[in-house]
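Here is the structure we will look at, set down as structure tokens.
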Number of protein chains: 2
Amino acid sequence: MTVPKPSLELVRNVTDEHILRALMRHRRMTRAELAVETGLSKPTAGESVRRLVAAGLVADSGERTAGGRGRGRVGSYYTLAGGDRTAWAISIAPGGVVAEAVDVYGETAGRAEEDAGRTASSDQVATALRAVAERLAAASGPAELAVVSAADPVDRATGRLVHLPDAPFLVGDLDPAEVLAPYVAGEVTVDNDVNWAARAELAARPGSDTFAYLYLGEGLGCAIVSDGRVLRGRHGLAGEIAHLTTAGPGGGATPLIEVFGLLGLRRPGSTAIDVDRLLAAATGTGPRAAGVRAALGEAVRGALTAITSLADPDHIIVGGPWGQDPAILTALRDAAARHPRGPVLCPATVPAPSFAGVRADALTRLRDGVIAAPR
Amino acid sequence: MTVPKPSLELVRNVTDEHILRALMRHRRMTRAELAVETGLSKPTAGESVRRLVAAGLVADSGERTAGGRGRGRVGSYYTLAGGDRTAWAISIAPGGVVAEAVDVYGETAGRAEEDAGRTASSDQVATALRAVAERLAAASGPAELAVVSAADPVDRATGRLVHLPDAPFLVGDLDPAEVLAPYVAGEVTVDNDVNWAARAELAARPGSDTFAYLYLGEGLGCAIVSDGRVLRGRHGLAGEIAHLTTAGPGGGATPLIEVFGLLGLRRPGSTAIDVDRLLAAATGTGPRAAGVRAALGEAVRGALTAITSLADPDHIIVGGPWGQDPAILTALRDAAARHPRGPVLCPATVPAPSFAGVRADALTRLRDGVIAAPR
DNA sequence: GATTCTAATCAGGACCCTTGCCTGGAAAGG
DNA sequence: CCTTTCCAGGCAAGGGTCCTGATTAGAATC
């Protein structure tokens, strides 16, 4: 039964939710201001505040109105009781860890970063994550919950980073939830960085809710957003395109990731793409660079075709260090134009997109947690 | 603002919805039975019935309880006032048109079929559709709404069948909504038959909400279901896999649909696959048939890889006249096993799946229309 | 000190749901 | 034939929630 039982509790909860969300937007408000903000009557708003104070979700801040405002009776400012609780937004990449603590008002309550060097082992990354959590906990207390972006495929059920055979594995073997457990009271949500980037672009472009996000960097990734939802798949591995069949340099059917091996653009002793070498080889005006760009275009075209065929996006956002390079992007556009339903490619717009995505989700979850609190 | 304004009207609407849905499940009920069924109190249920009768949504059927039931006071049986209104579920395929009228109770109020011959033109199909609508309207009155399955790609915005370049186009140029307009009062919903088949499989397998459906017949189609939702894409063309890059008979990168041309398995003068010839060529024990099966397996493997990479389904359901052939399915399984994240293939289980899908959707929409009626 | 202005509260009324009790009417049993 | 049993339906009271409109409380201004 999807429809709730009719009851007055239902409508009361709706009222309380309006009050709580208004306090999230404005930090401190009097009963009268709350009534105006929510559109409720003054007595109703006042009664809801009384309930919420009794439940411990809202507190009289002690501050009084007056002082320059009007000359009327002093009003009491109310605030959320758990206003100092925070959610953590964390980005884990091979280069290091970035974390921010956000409060229910959406403000940053703390920030910590830890460099891990370009070729860090998974142990080093775990250590960096632990150090960041330690500092953040010291600065702004433990977290209610954490939302994590990782530069590797993430198992949806466990939140662990997983290694797909022969695909780039950048951060390495890691269970963020386990590392963060001492510092986080509630749930730790983990997802792939490309999915978070796609969610950030989704939030940044209202009215555009069906697109794909193609990430071209050390690793290859793709996120599909359809009707405002990110496709995750059974194991959370949707968009792991390394093994997609495409056209290799010789025209033969080749898995996408192997094309970079054939072109000599994978980092030696690693599964990752060597971005620096790729940029050096593919940019410039010579015929050799043009040849590399054409080969990359052909290879990526297979991925674009698959995305277009299966997901029918309105456009494909291309992000990542070499995908956004102007010369390469042009080569990709040329290749895409040779397909009947060639997609529109556009560069990513949100800076630090995956971090923006986790941060927004952390805030949403923190706020929803307050609304869902028993009362 | 996603949360509704708190009001008592909200809770009253919830009550009325419970009463209406109970009457959809049980056809006729007394006030007392409704109270038990909905979990509401007798006065509340009775009051809701009074409101709904006044609004014309519910009617006293005239029937009285008594007669064998208990020995108590006679009760009045109430029924939905619009119980004779119907929604149409229609399947349009090159072979012909099948349509059913369903009422709010989920029962079939009428059925009509019209054969159109194997190689019907789009005009002939339109004529068949009109004839079916005519007969259905004569038998059970005009429809509140219609839900249509078509064996071609469907433009999401307009509901028209669209012709993608060089892809099979089976039914032909047709706007079902226009043909049905004289017979249908409300909305005409059109979608691809493979999407409907996937929705039917989704309903048939509770607990399994992330899979793909691959249709292998005269046309090629694919539906992706993730977290219980069918991926439709910007134009409704998600899953149109004809141009997917795959491995051709010679090992070169080839669009999927062209493989059938290279193998000589497309119907002459048409863009469709010749299923009979394909089955004749690919089944049997000789080495030639095994070779064809291997080529088909390699070609389809590209599609399976793309689906697995992009959508990460739990399993891939294979349907369609030649996809379900045991020998071919075995060849597909062999090919899939050569992929690192090789998907589990299983044959379709729902008979007449796309019709089951439209029928269920028509019923849902008809019922939702009753609930949403002004009162 | 009177006036003005605003926050908070009070009073009254309209709904909506629930529990509990009562009424009407028909079958079953003596 | 009369009484008992049983059940649909209705009535009344009580608890909640919301709203409008009026009133009180307290501080700044004149």
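None of the values given here were measured: they were computed from a predicted structure. Each chain gets a letter, A, B and so on, in the order its sequence line appears, and its residues count up from 1. Basis for what follows: all heavy atoms, side chains included, without hydrogens, waters or symmetry-related copies.
When each of D/dC18, C/dA7, D/dG9 is scored by its nearest atom to the side-chain atoms of A/Ala32, the top-ranked nucleotide is C/dA7. Out of D/dG16, D/dA8, C/dA8, the shortest distance to the side chain of A/Arg12 is found at D/dG16. Listed candidates were D/dG9, D/dA12, D/dC19. Nearest to the side chain of B/Arg73 is D/dG9. The side chain of B/Pro43 approaches D/dA12 more closely than any other nucleotide in the set D/dG9, D/dA12, D/dA22. Among the nucleotides C/dC17, D/dC18, D/dA27, the one closest to any side-chain atom of B/Thr44 is C/dC17.
A donor-acceptor contact under 3.5 angstrom links the side chains of A/Arg359 and A/Thr108, judged on distance only.
A distance of 11.0 Å separates OG1 in B/Thr86 from CD in B/Glu100, rounded to the nearest 0.5 Å. Atom CG of A/Asp227 is separated from atom CG of B/Leu231 by 8.0 Å, given to the nearest 0.5 angstrom. Remark: A/Glu9 CD to A/Arg12 CZ distance equals 5.0 Å, nearest 0.5 Å.
The CE atom of B/Met29 sits 11 Å away from the P atom of D/dA8 (whole-angstrom rounding). The CZ-C1' distance, from B/Arg31 to D/dC7, rounds to 15 Å in whole Å. Whole-Å rounding puts the A/Leu10 CG to D/dG15 P distance at 22 Å. What separates CD of A/Glu9 from P of C/dT18 is a distance of 12 Å, to the nearest Å. Taking atom OH of residue B/Tyr77 and atom C1' of nucleotide D/dA8, one finds them 11 Å apart after rounding to whole Å. Counting to the nearest Å, the P atom of D/dC7 and the CG atom of B/Leu34 are 17 Å from each other.
Across B/Val132 and B/Ala99, no two heavy atoms sit closer than the pair CG1-CB, 3.2 Å. A/Val350 and A/Glu201 make their closest contact through N-OE2, 3.1 Å (heavy atoms, listed as atom of the first residue, atom of the second, distance). Across every non-hydrogen atom of A/Val148 and A/Trp196, the tightest pair is O-NE1, 3.1 Å.
Residues that satisfy the salt bridge (charged side-chain N to carboxylate O under 4.0 Å, His left out) test with B/Arg234, not counting sequence neighbours, are A/Asp314.
Under the 3.5 Å distance criterion, the side-chain polar atoms of B/Ser140 are matched with a main-chain donor or acceptor of B/Leu136.
When the local axes at the two ends of the helix from C/dG1-D/dC30 to C/dG30-D/dC1 are compared, using 5 base pairs at each end, they differ in direction by 30° after rounding to 10°.
For residues 45-61 of chain B, proximity to DNA chain C is found at no residue, defined as any non-hydrogen atom under 4.0 angstrom from a strand atom.
Side-chain nitrogen and oxygen atoms of B/Thr15 include at least one within less than 4.0 Å of the OP1 or OP2 phosphate oxygen of C/dC17.
Between A/Lys42 and A/Asp16, the one whose closest nucleotide on DNA chain D sits nearer the 5' end is A/Asp16.
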